[in-house]
Amino acid sequence: MHRFANPARFLRLSALLLPWTAGATVILLIAGLYLSLFGSPPDYQQGDTVRIMYIHVPAAWMSLFVYTNMAIAAAAGLVWKHPLADLFAKAAAPIGAGFTLICLVTGSLWGAPMWGTWWVWDARLTSVLILFFLYLGYMALVNAFDDPQRGARAGDVLLLVGIVNVPIIKFSVDWWNTLHQPASVVRMGGPTIDSSMLIPLLVMAVGFTTYFITVVILRLRAELAQRKIQTLRFSVAGDGATG
Amino acid sequence: MTEFFAMGGYAAFVWPAYGLAALVLIGLLAVSLKGLREAEATVRALEGVRTPRRRARAAHSHTTHSHTDSPHTAPSSAPGLPGKASEG
């Protein structure tokens, strides 16, 4: 595992990977948009509002997926003092926050016509709002220290504490009475939605995942460049002071 | 076509959902690309500042090394060691 976390190796591997993930993202999202807007039927109860699902549900999955990956990276950063792990969490946080924001707003836009309300303080909606604040809090905390190492440590602890929220979000629809419907895709006994709706949903979800990989690689490369700028500035300042 | 854009009367909910998702995802991509380009440009600029100076000093210390022990050049070249500074 340490071999893949070497920054020089990461830069080489990511340069090879990037065109493929970027290309896959473009193709998958074009296909996904076509299927969700033209290629799938309106719901017999919800009409065309069901098309919001093809954005809302993949964004919700991504919000949990990204956070879980960040928490795993935080554990690796704390245990093995891994420099790339901390940088990964920092690079991924704004993307995760973006997906959570999409999830919340599209959910609201779907709830207004179908539930008759933009927002309710029930278990599912509230726990996802907490996830959004966890992302924002992590981003603020990591950047609040002059020493990036100390910021990364504090952020890692926050991520590991916040991971309790992930199962709460997933099972909130089973544990409490909520307006939100229970899981219909990731559940015991297989999906309950028709394949004409399941396929666009999965295509969008894979497209969101490749989008995440693409943008997180770009952001990681930028973070590595920032590290390099710090060391270069330090040595230029050293040259200036002594020379 | 107007029927498609009407979304069965739910246009006011469906299109903002897709619009916001596009805005957030394209915006994040644009900000990330811009940050990467600027950081890489700064790295190039800083390396441009550093490299000629280090070469000049290396040449200078070579010529002075023969007749002085030059204790003052030893610490000044230490932070500029290329292999250690560039990759952690």
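Just so we're on the same page: letters track the sequence lines, and every chain starts at 1.
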Tell me, side chain or backbone of [X] under 4.5 Å from chain B's heavy atoms, or both, or neither?
| X | answer |
| --- | --- |
| P42(A) | neither |
| L37(A) | both |
| M53(A) | neither |
| R233(A) | both |

Is it true that, when you exclude W20(A) itself, more than 12 heavy atoms of the residues, nucleotides or ligands shown sit nearer than 6.0 Å to its CH2?
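No, because the 6.0 Å sphere around CH2 of W20(A) holds 12 heavy atoms or fewer from other groups.
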F145(A) atom CZ, neighbour heavy-atom count above 12 within 6.0 Å:
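It does: F145(A) CZ has more than 12 such atoms within range.
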Write down the atom of [X], the atom of [Y], and the distance for their closest heavy-atom approach.
| X | Y | value |
| --- | --- | --- |
| R219(A) | S32(B) | NH1-OG, 2.8 Å |
| I55(A) | A21(B) | CG2-CB, 3.6 Å |
| V43(B) | L232(A) | O-CD1, 4.0 Å |

Distance from [X] atom [atom1] to [Y] atom [atom2], nearest 0.5 Å?
| X | Y | atom1 | atom2 | result |
| --- | --- | --- | --- | --- |
| E38(B) | Q226(A) | CD | CD | 9.0 Å |
| L33(B) | T214(A) | CG | OG1 | 10.5 Å |
| K228(A) | T42(B) | NZ | OG1 | 12.5 Å |
| L218(A) | K34(B) | CG | NZ | 14.5 Å |
| I102(A) | L28(B) | CD1 | CG | 8.0 Å |
| Q46(A) | Y10(B) | CD | OH | 8.5 Å |

Begin with the C-alpha distance, continue with both residues' side-chain angles, and end with the deciding distance and a verdict on side-chain contact (heavy atoms from CB on, under 4.5 Å) for T106(A) and Y18(B).
CA-CA 8 Å; T106(A) 56; Y18(B) 279 80; over 6 Å; no
Is chain A contacted by the side chain of L23(B), its backbone, both, or neither, given a heavy-atom distance below 4.5 Å?
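Nothing of L23(B), per the 4.5 Å heavy-atom cut-off to chain A.
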For W118(A) and F13(B), take the angle between the two ring planes, folded into 0 to 90°, and tell me which bin it lands in: parallel under 30, tilted 30 to 60, perpendicular over 60.
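Tilted, since the angle between the ring planes falls between 30° and 60°.
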